[in-house]
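What follows is one structure encoded as structure tokens, with my remarks underneath.
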Amino acid sequence: VVVDLDDNEATNDGWVAVGESFTSPTAKRQGLIVYFKEDDFTGDLDVEWAFTYEANPGTGSNQNDILYGVAQSSDHNIIVCGTTKSTEYGGVLNKNAWFLKVDIDNGQELANEEFGGSGDDEAFDIIEDLNGDYVIAGGTGDTKDGDLSTCPGGAINAAGEYWVFAIDPTNMDEIEWQRKFHGDSDCSTGSWNDYARQIIVDHEGYYAVAGYCLNCEANCVEMQSMI
């Protein structure tokens with residue numbers, strides 16, 4: 001994913017790309033962030049810095065850290081989200097949502113947090129909303145425990161639902177609020193799941209969330225789009 005950071009032309013903040021680094025078949029994947037700017041004279045794109053990142057290095061058995069979403073925060077730093085596999089919750093190797101904030105000048109970590117429970121929870125897109133909170137969209141696993149234990153609503157439908165949660169930039173190690181959503185079909189059992197892939201906020205502060213939905217189709221077989 002590549003994002004243009006030049007919403008404010010006076011800052012000329014350039015571009016940032018996020019993804020993963022995969023060096024060999026036996027090495028774990030690491031999150032990758034590349035920050036680059038256009039040369040004022042030649043117009044060429046110059047890499048300012050590029051680093052790989054691990055989710056909470058040294059805590060749990062981390063595997064396959066991948067970054068999917070990126071945005072610029074109002075303090076001109078970089079906020080990103082993705083998915084990691086670790087034993088952070090309950091000692092069981094599973095996916096968790098991963099949040100990073102890094103300094104735009106040097107790539108130094110300002111925050112590195114995991115959120116989720118014992119299911120496969122993922123994060124795919126991130127924005128800063130009009131209140132200054134960092135809002136992440138993704139999908140829950142099939143278990144309502146860990147950070148998801150306080151999510152409003154009943155049990156998780158089937159194998160997962162849209163998951164939207166916010167992080168207060170003054171307290172980035174906790175979820176400020178969260179919600180889950182699913183399609184209107186009754187896929188109460190099985191491996192069907194819904195997951196959000198993109199989120200935007202409008203000028204009035206309302207969110208629009210888009211993604212994929214197996215619980216939107218009567219037989220819970222064909223993947224649908226859901227907003």
Side-chain angles (χ1 to χ4, degrees), residues 1-23 28-59 62 64-84 86 96-115 122-138 164-176 196-203 205 207-209:
V1 176
V2 180
V3 171
D4 183 357
L5 303 180
D6 287 337
D7 289 338
N8 181 352
E9 294 183 0
T11 63
N12 188 28
D13 283 338
W15 292 265
V16 62
V18 302
E20 62 185 284
S21 175
F22 187 48
T23 56
K28 60 165 282 187
R29 290 174 169 85
Q30 293 181 316
L32 174 67
I33 304 177
V34 182
Y35 173 54
F36 47 99
K37 298 179 73 172
E38 183 177 345
D39 188 283
D40 292 335
F41 298 101
T42 66
D44 295 336
L45 294 178
D46 297 328
V47 174
E48 298 290 305
W49 51 260
F51 295 109
T52 57
Y53 299 84
E54 295 183 14
N56 286 324
T59 60
N62 290 334
N64 293 343
D65 303 330
I66 304 172
L67 295 171
Y68 294 109
V70 58
Q72 187 171 30
S73 56
S74 55
D75 60 6
H76 294 288
N77 290 307
I78 297 170
I79 50 175
V80 292
C81 70
T83 299
T84 179
S86 80
N96 294 313
W98 179 26
F99 165 74
L100 271 175
K101 183 175 183 178
V102 302
D103 191 307
I104 195 171
D105 292 324
N106 53 30
Q108 179 180 350
E109 290 184 16
L110 303 175
N112 187 337
E113 303 293 340
E114 283 184 54
F115 301 101
E122 301 183 86
F124 293 111
D125 198 18
I126 186 169
I127 58 170
E128 180 176 320
D129 70 8
L130 301 188
N131 296 320
D133 294 330
Y134 307 147
V135 184
I136 292 173
V164 179
F165 64 93
I167 300 169
D168 184 335
T170 66
N171 187 22
M172 293 185 285
D173 62 348
E174 295 183 1
I175 291 177
E176 182 178 16
R197 291 305 300 259
Q198 190 169 20
I199 183 171
I200 60 172
V201 59
D202 69 12
H203 67 282
Y207 309 111
V209 184

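Since this is a predicted model, take the numbers as computed values, not measurements.
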Closest non-hydrogen atom pair between [X] and [Y], with its separation:
X    : Y    : result
E54  : Q30  : OE2-NE2, 2.8 Å
I136 : A123 : CG2-CB, 3.5 Å
V209 : A137 : CG1-CB, 4.3 Å
D125 : R197 : CB-O, 3.5 Å
Y134 : F99  : CD1-CZ, 3.7 Å
V18  : V80  : CG1-CG1, 3.7 Å

Can you tell me how far apart [atom1] ([X]) and [atom2] ([Y]) are? Round to the nearest 0.5 Å.
X    : Y    : atom1 : atom2 : answer
I200 : D129 : CD1   : CG    : 13.0 Å
I104 : W49  : CD1   : CH2   : 7.5 Å
L100 : I33  : CG    : CD1   : 5.5 Å
S21  : L67  : OG    : CG    : 11.0 Å
E20  : I66  : CD    : CD1   : 4.0 Å
I127 : I199 : CD1   : CD1   : 4.5 Å

Test item: [X] and [Y] side chains (from C-beta on) under 4.5 Å apart, heavy atoms:
X    : Y    : value
D75  : K101 : yes
W15  : L45  : yes
E128 : V135 : no

**Donor + acceptor pair across side chains of Q108, D103 (<3.5 Å)** = no
Requested in this report: Just do the side chain to side chain donor-acceptor pair (under 3.5 Å) check on D65 and Y53 with the steps written out, would you?
Outcome: CA-CA 8 Å; D65 303 330; Y53 299 84; over 6 Å; no
| said: Taking the ring of F115 and the ring of F165, is the distance between their centroids below 6.0 Å? | reply: yes
For the pair E48 and K37, find out whether any cationic side-chain nitrogen is under 4.0 Å from an anionic carboxylate oxygen. no
Exercise. Give the C-alpha distance, both sets of side-chain angles, the deciding distance and a yes or no for side-chain contact (heavy atoms from CB on, under 4.5 Å) between D44 and E38.
Key: CA-CA 6 Å; D44 295 336; E38 183 177 345; over 6 Å; no
In T84, T83, N112, the residue satisfying side-chain hydrogen bond (donor to acceptor under 3.5 Å, both in side chains) with W98 is N112
Only one of L110, N77, I78 passes side chain to side chain contact (heavy atoms under 4.5 Å, CB included) with V102, and that residue is I78
